[in-house]
**Q** 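One structure follows; several queries about it will come next.
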Amino acid sequence: MIVINAPRGIKDRIPPEEDQFLALVSIAEKHLGQAGFKKVGLPIFESASLFTRSIGVETDIVEKEMYLFEDKGGERFALRPEGTASLLRLAIQHHLIEPARITRLSYQGPMFRHERPQAGRLRQFHQVGAEILGTITPQDNIDLLVVIDSISRELKLPGTTLFINNMGCSRCRPVFRKALVEYLETHQSGLCTTCKKRTETNPLRVLDCKVEQCQPVIERAPSIIDFLCESSRLHHEAVCSGLRSLSIPFTVNPRLVRGLDYYTETTFEFVSDALGSQSTWAAGGQYDGLIGQLEGPDVPGAGFAIGVERLALLAEKAGTLMPAHSHTQDISILPLGELAVPIVQSLIREIRNEGISATGIFGTTKIKQGFKQAERDGSRFLLILGEDEMARREIVVKDLLTGEQTPFPLSPLAGLIGYIRSVRSQEKISQLS
RNA sequence: GUGAGUGUAGCUCAAGGGCAGAGCACUGGUCUGUGGCUCCAGGGGUUGGGGGUUCGAAACCCCUCACUCACCCCA
């Protein structure tokens, strides 16, 4: 027999990682809630066609990274590679989109892409995402950036740059695309083999190529910003001036091309130089045609997703990850002798009902091992119930931090409960200061 | 999908052809119902797996698997 390990690219979270991870998710959710986003629960898998129709058939995500499977009825499903398509499906199905109004929804959970894992890249990773649906203004794009920026500030994320671009709209993007293709066709000799192919299939992606050979061609390529129509240009300028007046620093990057086909107008990426080569920790943008493309009302939307594992890497570097508490449990209780066992069991239940965490130590009657187990439990207190204590109808409470030892009556328990609570609240106060 | 690097005790790592080791962790004792510190002792390994070279392989060669990083791509 061979031991079974987690599948490649899956990150197990062992204590205290999971607590830190969930704390990070709830910090992000707190900021989203303050910005008026209502949470939705999205399924882990969807009809495969949802993603091919939204993300784009030519993209790597759809072409080679989806986890596809058939159920017993022969239906084709995919583990979701991203949240936006799924959220839009939900919003359309339940008629949550009011064209004349704004709907703000957020989601959180694992996403799946079959890629080679590396630093900051997993096959199962988590995103916290948000979408604004309805009549999108530049101010909505700015608000998305404000939310991400406030999360970044709370966590004091190191080395972050915000890159902004505008992909144009349904009118001006084709004009730019045509100009770009013409330019690329006359400069084929300067391009790498994949970019030669991309000239046909997905010319905008050439701008994002990092191959050394392509850089001179890319640098002299036409810039989307120069091709924006009047309304897109105003949109772009409104976003930029809005960010300036909010003192949110940013860099316009006309070569910023997102990997999903549906983006129009504003797109953005938050990049940190404190990550490895997978340096984008949050990204998003506007999508004018996508909702209509999924047979919903023909209105735009805009949104973003944060990569929680990447956020965790940054928060750890910043020292703002929730600290691993020294005491994760309030008390451990050690019964000494058969007679003490049932008393301890009912005691545990009573104590837990008071909102105090407690476990019993039933595997040993050696007091020394009891202490060691209490430490492993992460308990602040060890309660000992032996024959002497039972004779006196008492239980001994040992504070493992101070070494202080106090007997309390077994009934009523109020004295013991009050004592634990007072020490615990002092502990919390000292942690805050 | 491609490339490079690394796989030795639960963890971090030594040993670079000649007896497989240390620190931490774990168990017991010192200390019979009072932990953390000290000191002492102990359990733990087919050196990722398979094959080859050799009198002899953890080490050298081949294959394979896994992990890591990078390309690609992206959160």
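Because the structure is predicted, anything quoted here is derived from the model rather than measured.
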**Q** Would you indicate, yes or no, if B/C74 has its OP1 or OP2 atom less than 4.0 angstrom from a side-chain nitrogen or oxygen of A/R113?
**A** no
**Q** What contact category does A/G370 fall into here, base, sugar-phosphate, or nothing, at under 4.0 angstrom with non-hydrogen atoms?
**A** nothing
**Q** Classify A/I367 by what it touches in the nucleic acid, base, sugar-phosphate, or nothing, heavy-atom distance under 4.0 Å.
**A** base
**Q** What's A/L122 touching, base or sugar-phosphate or nothing? Going by heavy atoms closer than 4.0 Å.
**A** base
**Q** Over how many whole Å does the gap from A/I61 atom CD1 to B/A75 atom C1' extend?
**A** 9 Å
**Q** Tell me whether the OP1 or OP2 atom of B/C73 has a side-chain N or O from A/T59 closer than 4.0 Å.
**A** no
**Q** When you compare B/U12 with B/C73, how far apart are their C1' atoms, in angstrom units rounded to a whole number?
**A** 34 Å
**Q** Applying a 4.0 Å non-hydrogen cut-off, can you work out what A/Q124 is touching in the nucleic acid: base, sugar-phosphate, or nothing?
**A** nothing
**Q** Which label fits B/G16, syn or anti, where anti is any glycosidic angle not within 90° of 0?
**A** syn
**Q** As a check on the pairing definition, encode RNA chain B in dot-bracket form, counting Watson-Crick and G-U wobble pairs whose two distances are under 3.5 Å, and using | for partners outside this strand.
**A** (((((((..((((....[..)))).((((.........)))).....(((((..]....))))))))))))....
**Q** Just how far, in rounded Å, is C1' of B/U2 from CZ of A/R121?
**A** 12 Å
**Q** How is A/D388 classified with respect to the nucleic acid when contacts are heavy atoms under 4.0 Å: base, sugar-phosphate, or nothing?
**A** base
**Q** May I ask you to evaluate whether A/Q405 reaches the phosphate of B/U34, defined as a side-chain N or O under 4.0 Å from OP1 or OP2?
**A** no
